[in-house]
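First comes the structure, then the notes that go with it.
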Amino acid sequence: MTQLRPEYAWSPTGWPSEFPNDDPAHAEVWCYTDRFSYHRGDQVRLHASTTAESFEVEIVRDGARPRSMLLLQEVAGKHTPTARDCYTTGCDWPVLATFEVDASWPSGFYLVLVRVTRADGTVFEREHFFVVKPDADGPKRPLVLVLSTSTMMAYNDWGGANQYRGIGDDPRNDIGAPEVSARRPIARGMLRKPPGAPRESNMFTPPPFWEPRYEAYEWARYNGYSRHHADAFWATYERPFVVWAEEAGYELDYLTQHDLDADPGVLAGHACAIVVGHDEYWSWRMRDAVDRFVDGGGNIARFGGNFFWQVRITDDGGTQICYRDPAADPVTGTDDAHLVTTAWDYPPIGRPAAESMGLTGSSGVYVRYGCAAPRASGGYTVYRPGHWLFEGTDLYYGDVIGAAPIGIAAFELDSVEYTFRRGQPYPTFEDGAPENLEILAMCPAVASEEDRWAGTVPLGSGGPGESQGLRELTGRATGDDASDWQYGSGMMAVFTRNGGTVVNTGTTEWVNGLVARDFFTEKITRNALDRLGG
């Protein structure tokens, strides 16, 4: 049988991304804000386009108990044509509404809901967001949540493309846009979606000789949501954490990754910065902010996974650049070559991912995603139950926490190169792992889905060839044996540096345990927040 490159499961032909229509008979409204975050007292400028004569704007502070903060009715509408390459250039729509962030609005995540009522009485509604930051010169809460806006930017395919796909229509060879714009709407499902919408992590344990399915993509296609709704951002990751945290009595301040890029000192005044879910993309300046914070005695609680790519943020936060291939990036060979937008573990960058977060996405990655370790436990095996992170859990060596059907160790996970001595895992330190990194728990992971169908069955990860190329990029593919690049791990790990502590659970799906109210996941999360935020 001829070996074909498998099709991407998220890219069947004939599945378009959202794009506005020009027909007044089917009234729509779309919007975006001029920035992702504001201080109280700032003015929010809402860029919009609509085929209706007027539309409504509602501002809702989201969380465990969503609260409507502002309602603007009968906002005058205007339709503006949208460029076909708006995913790169931005929509360039006019400002149709402005409002001030009221002094009474607390730091938090705010939905911008825009809606029109059509002639048949049905309502068309879409959403955007903004974050209210803590006052620059005011008191800070000990805990601050940093929202993964760069990963959202990479996956947002509103308007036709993102940094994975959309240029061309070949399901075996997705081509993404190296530059993507923040000045456009957000793909449907990243900010809001129904309870119980499928996740990328698969808790169904397949029978023998099963062919992989991807419920998150199928659900999206048949319900009118973005194919990437479960890959990134608020509705899938940060929101479930915030709902749990608020119900548990924790008070949070909010920032975005773009705030870290704009100001490396923005974390000052907080005790612990929290990262949740899928934070795959970081800029040099974002990492500077994290490293500066830890070196100054600040702490990081990362309940996330897949720390992998360097990006550049330009145009006052309006554009994100990621070429992936170093040869394609114009900064290669210049004085700014360390800013090349490729894997952090690409040796010429000289800044391994593990130096900041303790773990790296290039030593994982996939578990229970399609046919990537599809029958793994979906949980973590505990190796150091005596660590303070496990205090009060009654865990023993070899216990498995958060296994399917909960699945805290699933989809994409981070790790470092490691070895075992007397039944305990230790870093080998060949990949930039901090010298005092402690590996607390582990689970098997693979670099790609194993293609047992000679390219005739679509896969979510693009197949072994793609992942081998990534491992070669990071210097981890050292021979012809597939095990040199295919097999890895997910890990929970902790390290300290200059008075700061970094706790890293190393998995995108940690929030699954919080949603399920799993005792072990909740207690470990509390231990991290109480110790690091105290």
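Scope of the values below: all heavy atoms of this structure, side chains included, with no hydrogens, waters or symmetry mates. By convention here, the first residue in the shown sequence is residue 1.
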*So, are Arg312 and Asp336 salt-bridged, with charged N and O less than 4.0 Å apart?*
no
*Taking Arg302 for the side chain and Val502 for the main chain, is one N or O donor matched with an acceptor at less than 3.5 Å?*
no
*Over 12 non-hydrogen atoms of neighbours within 6.0 angstrom of CD in Glu391*: no
*Do Leu459 and Pro212 come close enough that some side-chain heavy atom pair is under 4.5 Å?*
yes
_For Tyr346, does the six-membered ring have the charged nitrogen or CZ of Arg324 within the cation-pi criterion, i.e. under 6.0 angstrom from the centroid and within 45° of the normal?_
no
*asked:* Within the supplied structure, the quantity of interest is the number of heavy atoms (other residues, nucleotides, ligands) at a distance under 6.0 Å from Arg292 CZ; does it exceed 12?
replied: no
*Going by atom types alone, do Asp431 and Tyr418 pair a side-chain donor with an acceptor below 3.5 Å?*
no
*asked:* Here's a test for you: under side-chain hydrogen bond (donor to acceptor under 3.5 Å, both in side chains), which of His278, His229, Glu200, Lys193 qualifies with Thr236?
replied: Lys193
*Under 3.5 Å donor-acceptor, Arg184 side chain and Asn156 backbone*: yes
*Is there a donor-acceptor pair closer than 3.5 Å between any side-chain N or O of Ser489 and the backbone N or O of Cys443?*
yes
_Student check: side-chain heavy atoms of Val446 and Tyr487 closer than 4.5 Å_ = yes
*Can you tell me if Thr332 uses its side chain to pair, donor with acceptor, with the backbone of Ala337 under 3.5 Å?*
no
*Nearest heavy-atom neighbours spanning Leu147 and Phe233*: CB-CE1, 4.1 Å
*Looking only at heavy atoms, which two atoms of Leu267 and Ala273 are closest? And how far apart?*
CD2-CB, 4.1 Å
*Hey, is the main chain of His338 close enough, under 3.5 Å, to the side chain of Arg351 for a donor-acceptor pair?*
no
_Show the nearest heavy-atom pair for residues Val311 and Ser150, with the distance to one decimal._
CG2-OG, 4.1 Å
*asked:* Heavy-atom count check: over 12 atoms from other residues, nucleotides or ligands less than 6.0 Å from Asp325 CG?
replied: yes
_Check: Tyr366 side chain, Gly460 main-chain N or O, donor-acceptor pair, under 3.5 Å_ = no
*Could you give the distance from NE2 (His228) to CG (Asn162), rounded to the nearest 0.5 Å?*
4.5 Å
*Do side-chain atoms of Asn436 reach the backbone of Phe495 as a donor and acceptor pair under 3.5 angstrom?*
no
*Is Arg227 close enough and on-axis enough to Tyr217, meaning under 6.0 Å and within 45°, for cation-pi?*
no
*asked:* Would you say that Tyr380 contacts Leu440 through its side chain, given a criterion of any heavy-atom pair below 4.5 Å between the two side chains?
replied: no
_Side-chain ion pair, Asp291 and Arg497, N-O less than 4.0 Å_ = yes
*asked:* Could you check whether Tyr237 and Glu509, counting side-chain N and O atoms only, form a donor-acceptor pair closer than 3.5 Å?
replied: yes
*Could you go step by step and tell me if Thr525 and Phe241 meet the side chain to side chain contact (heavy atoms under 4.5 Å, CB included) rule?*
CA-CA 10 Å; Thr525 305; Phe241 176 85; 4.1 Å; yes
*asked:* Hydrogens and angles aside, do Thr507 and Thr505 bring a side-chain donor and acceptor to less than 3.5 Å of each other?
replied: no
*Between Thr256, Val146, Thr33, which is the residue that forms a side-chain contact (heavy atoms from CB on, under 4.5 Å) with Val131?*
Thr256
*Just checking, is any N or O donor in the side chain of Thr508 or Asn306 under 3.5 Å from an acceptor N or O on the other one?*
no
*If you measure from CD on Glu417 to OG on Ser363, what distance do you get to the nearest 0.5 Å?*
4.0 Å
*Above 12 or not: heavy atoms from other molecules or residues under 6.0 Å from CG of Asn498?*
yes
*Is a side-chain N or O of Thr319 found less than 3.5 angstrom from the main chain of Thr314, in a donor-acceptor match?*
no
*asked:* Below 30° counts as parallel, above 60° as perpendicular, anything between as tilted: where do the rings of Trp344 and Phe307 land?
replied: parallel
*Stepwise side chain to side chain contact (heavy atoms under 4.5 Å, CB included) check, Trp10 with Tyr164*: CA-CA 10 Å; Trp10 60 33; Tyr164 289 85; 3.9 Å; yes
*Please lay out, stage by stage, how Val511 and Trp244 fare under the test side chain to side chain contact (heavy atoms under 4.5 Å, CB included).*
CA-CA 9 Å; Val511 295; Trp244 174 86; over 6 Å; no
*Ring-face cation contact, Tyr426 with Arg384, 6.0 Å cut, 45° max*: yes
*Could you check whether the rings of Phe130 and Tyr110 sit parallel, tilted or perpendicular, using 30° and 60° as the cut-offs?*
parallel
*Within 45° of the six-membered ring axis of Tyr250 and under 6.0 Å from that ring's centre, is NZ or CZ of Arg526 located there?*
no
*asked:* Within the 3.5 Å criterion, strictly below it, is a donor on Thr149 or His258 matched to an acceptor on the partner's side chain?
replied: yes
*Test item: Glu449 side-chain N/O and Ser461 main-chain N/O as donor-acceptor pair under 3.5 Å*: yes
_Donor-acceptor contact below 3.5 Å, side chain Asp259 vs main chain Phe36_ = no
*Calculate, to the nearest 0.5 Å, the distance between atoms CG and OG1 belonging to Asn512 and Thr521 respectively.*
9.0 Å
*ring pair (Phe, Tyr, Trp, His ring centres under 6.0 Å), paired with Phe411, selected from Tyr369, Trp510, Tyr214*: Tyr369
*Say you draw a straight line from OH of Tyr32 to NE2 of His128; how long is it, rounded to the nearest 0.5 Å?*
9.5 Å
_Does atom CD (Glu215) have a neighbourhood of more than 12 heavy atoms from anything else shown, all under 6.0 Å?_
no
*How are the rings of Phe129 and Phe109 set relative to one another: parallel (under 30°), tilted (30 to 60°) or perpendicular (over 60°)?*
parallel
*Which atom names give the shortest non-hydrogen contact between Ala64 and Glu247, and what distance separates them?*
CB-CG, 3.9 Å
*asked:* Less than 4.5 Å apart, side chain to side chain, heavy atoms only: is that true for Phe308 and Ser362?
replied: yes
*asked:* Below 30° counts as parallel, above 60° as perpendicular, anything between as tilted: where do the rings of Tyr281 and Tyr155 land?
replied: perpendicular
*Between Ser148 and Gln257, is any side-chain donor less than 3.5 angstrom from a side-chain acceptor?*
no
*Derivation and outcome, side chain to side chain contact (heavy atoms under 4.5 Å, CB included), residues Tyr254 and Glu238*: CA-CA 11 Å; Tyr254 289 68; Glu238 287 98 341; over 6 Å; no
_Less than 3.5 Å apart, any donor N or O on the side chain of Gln310 or Trp284 sitting next to an acceptor on the other?_
no
*asked:* For a 4.5 angstrom cut-off between non-hydrogen side-chain atoms, does Val400 reach Thr381?
replied: yes
*Does one side chain, of Arg368 or Thr205, offer a donor that lies under 3.5 Å from an acceptor on the other?*
yes
*Which distance, rounded to the nearest 0.5 Å, do you find between the CD of Gln163 and the CG of Asp174?*
13.5 Å
*Would you name the heavy atoms of Leu339 and Asp329 that are closest together and state the gap between them?*
O-OD2, 4.5 Å
_Heavy-atom closest contact (Gly176 atom, Ile167 atom, distance)_ = O-CD1, 3.6 Å
*Output the distance between atom CG (Leu191) and atom CD1 (Ile186), rounded to the nearest 0.5 Å.*
5.5 Å
